[in-house]
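Notes for the one structure printed next.
In this chain, residues are counted from 1 in sequence order.
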Amino acid sequence: MRRTASLTALALTEKAEAIAAGVVWGQTVADAIWASRLTDGFAPTPPPFIGCRVLSERRPSRLAPHAAH
């Protein structure tokens, strides 16, 4: 909704070609940032599931690693 409003406001003063080029450039930058963030190590892949796969079988809790087992 905001994007549409912004583009509508731009259309009052800018040429359609300039707006389209800006949208394409913005998407290119967003894609590059996204690709960079996927591999920046800030949010690493969670550890593999090590619990049980059988209903009612006990599995370790990641929320309380210090709790007695």
Side-chain angles (χ1 to χ4, degrees):
M1 189 176 200
R2 284 194 230 173
R3 180 177 184 254
T4 302
S6 294
L7 292 175
T8 301
L10 280 173
L12 298 173
T13 59
E14 302 294 332
K15 294 181 181 178
E17 295 83 17
I19 295 171
V23 170
V24 169
W25 177 248
Q27 188 63 54
T28 300
V29 172
D31 291 343
I33 291 169
W34 183 261
S36 175
R37 292 299 310 272
L38 286 175
T39 59
D40 68 358
F42 184 72
T45 305
F49 178 72
I50 58 169
C52 64
R53 301 199 188 279
V54 180
L55 185 63
S56 78
E57 189 175 332
R58 186 199 158 279
R59 63 181 184 199
S61 171
R62 288 193 281 172
L63 298 177
H66 58 281
H69 294 287

Practice item. List the atom of Ile19, the atom of Leu7, and the distance in Å for their closest heavy-atom pair. Key: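 Heavy-atom minimum between the residues: CG2-CD2, 3.6 Å.
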Point to revise | Within residues 17-42 or reaching into it, pairs that qualify as salt bridge (Lys or Arg N to Asp or Glu O under 4.0 Å) - sequence neighbours excluded | key: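 Only Arg37-Asp40 qualify under salt bridge (Lys or Arg N to Asp or Glu O under 4.0 Å).
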Check your understanding: Is there a donor-acceptor pair closer than 3.5 Å between any side-chain N or O of Thr28 and the backbone N or O of Val24?
Key ->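 A pair under 3.5 Å: yes.
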Review point. Given side chains that start at C-beta, do those of Val23 and Arg3 come closer than 4.5 Å, heavy atoms only?
Key: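 Sidechains of Arg3 and Val23: in contact.
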Exercise for review: Run through the side-chain heavy atoms of Ile, Leu, Val, Met, Phe, Trp and Tyr, join any pair under 4.5 Å, and report what else lands in Trp25's cluster.
Suggested key: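 Other cluster members: Val29, Ile33.
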**Study point:** Sequence-distant partners of Arg2, side-chain contact (heavy atoms from CB on, under 4.5 Å), two or more places apart
**Key:**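 Residues passing side-chain contact (heavy atoms from CB on, under 4.5 Å) with Arg2: none at all.
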